[in-house]
Amino acid sequence: MNYIVVKTYEELSTRVASIICGQIAMKPQCVLGLATGSSPLGAYAKIVEKNKAGEVDFSNVRSVNLDEYVGLHGEHDQSYRYFMNNNLFKHINIDINNTYVPDGCAEDIEAECKAYDELIDRLGGIDLQLLGIGYDGHIGFNEPDTYFEKSTHRVTLDSSTIEANSRFFASRDDVPKTAITMGIGGIMSAKRVLLIANGKGKREIVEKAFFGPITPSVPASILQLHPNLTVIYSEN
Ligand code: F6R
């Protein structure tokens with residue numbers, strides 16, 4: 001594991017943007033695994049700047065996102081599809097048809113999960129997976145459990161996750177109770193993983209996940225076994 005501590009969120013975002021753009025320079029048709037949430041926002045803004053400056057070309061890049069709320073369609077302003085379109089895809093020269101987010105409104109959620117894993121296989125696997133980490137150690141929406149769930153699946157969100165995400169909704173009751181998430185198998189099979197965390201509040205879970213025992217009660221801890229893992233933590 002490559003564990004990097006930086007002083008500021010600005011520095012974290014600069015490093016993430018440069019790793020992602022470096023990945024694209026190495027393999028222009030790469031498959032990026034992308035995350036939503038507050039942590040990658042700074043990096044996404046920097047990537048947009050680099051793309052506008054002609055420093056990185058997304059025309060052949062494919063992307064697969066980690067997760068989506070069940071029941072929210074892509075135009076809902078709290079859906080992860082909407083988040084990705086508005087914080088990244090609309091502002092760069094990626095072909096929107098090459099961007100994939102699980103369909104939270106699919107009629108058959110189980111079939112959608114299976115199709116998502118098949119899609120990742122068809123794309124040739126993920127070259128670089130970007131992750132945030134939840135206060136309970138979740139990655140994607142893989143919540144603490146008694147086992148690691150391998151495949152893309154439907155998950156019931158923990159109350160702490162609903163609480164954390166309620167800041168984006170009119171009320172706690174409006175937060176969807178279930179989501180589709182890429183499984184631990186999909187994340188672990190990415191060729192390279194980059195996990196980012198910022199703020200003093202994340203320090204405890206970062207230490208638990210990367211310097212404590214590997215256990216499904218801290219889902220991110222499995223990443224200690226990944227052969228190409230970088231963790232970047234900024235205190236501020
Ligand atoms: C988002 C995701 C989540 C977040 C995590 C941290 O697609 O999969 O696991 O990465 O909840 O969220 P933030 O960055 O808002 O602290």
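Everything quoted here is computed from the prediction, not taken from an experiment. Hydrogens, waters and symmetry mates play no part in the numbers below; they use all other heavy atoms, side chains included. In each ligand, atom 1 is the first atom listed, and ligand 1 is the first ligand listed.
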**Q.** Nearest protein heavy atom with distance in Å, relative to atom 11 (O) of ligand 1
**A.** His138 NE2, 2.7 Å
Q: Could you check atom 10 (O) of ligand 1 against the protein and tell me its nearest heavy-atom contact, residue, atom and distance included?
A: Gly132 CA, 3.3 Å
**Q.** Salt bridge Glu110-Lys114, side-chain N to carboxylate O under 4.0 Å
**A.** no
Q: Answer with yes or no after comparing the ring centroid distance for Tyr69 and Phe169 against a 6.0 Å cut-off, counting only values under it.
A: yes
Q) Using a heavy-atom cut-off of under 4.0 Å, does the side chain or the backbone of Arg167 touch ligand 1, or both, or neither? A) side chain
Q. Tell me, which protein residue and heavy-atom name are nearest atom 16 (O) of ligand 1, and how many Å apart are they?
A. Lys202 NZ, 2.6 Å
Q) So which heavy atom in the protein is nearest atom 6 (C) of ligand 1, and how far is it from that ligand atom? A) Ile133 O, 3.4 Å
(Q) My understanding is that only one of Arg192, Lys191, Arg62 makes a salt bridge (charged side-chain N to carboxylate O under 4.0 Å, His left out) with Asp127; could you say which? (A) Lys191
Q.
For the residue pair Asp57 / Ser59, report whether a side-chain donor-acceptor contact shorter than 3.5 Å exists.
A. yes
Q: Using a strict 4.0 Å cut-off to heavy atoms of Asp67, name the atoms of ligand 1 that fall inside it.
A: 1 (C), 2 (C), 7 (O), 8 (O)
Q. Can you hop from Tyr82 to Phe141 via hydrophobic side chains spaced under 4.5 Å?
A. no
(Q) Applying a heavy-atom cut-off of 4.0 Å, say which part of Thr36 lies close to ligand 1: side chain, backbone, both or neither. (A) both
(Q) Would Tyr80 count as a polar contact of ligand 1, with the cut-off being nitrogen or oxygen pairs under 3.5 Å? (A) no
(Q) Tell me the protein heavy atom at minimum distance from atom 14 (O) of ligand 1, and give that distance in Å. (A) Ser39 OG, 2.5 Å
Q.
Closer than 4.0 Å to some heavy atom of Leu66 - which atoms of ligand 1 meet that?
A. 8 (O)
Q: Please say which of Arg203, Lys202, Lys7 ends up in a salt bridge (charged side-chain N to carboxylate O under 4.0 Å, His left out) with Glu235.
A: Arg203
Q | Enclosure of Lys27 NZ (heavy-atom neighbours >12, cutoff 6.0 Å) | A | yes
**Q.** Part of Asn165 with heavy atoms under 4.0 Å of ligand 1, whether side chain, backbone, both or neither
**A.** neither
Q | For the student: nearest non-hydrogen atoms of Ser79 and Gly74, plus distance | A | OG-O, 3.4 Å
Q.
Counting only heavy atoms, tell me which of Ser38, Ala35, Ala197 gets closest to atom 13 (P) of ligand 1.
A. Ser38
Q) Does Gly140 reach ligand 1 with a nitrogen or oxygen that is under 3.5 Å from one of the ligand's nitrogen or oxygen atoms? A) yes
Q) Do the charged groups of Glu149 and Arg154 touch, with an N to O distance under 4.0 Å? A) no
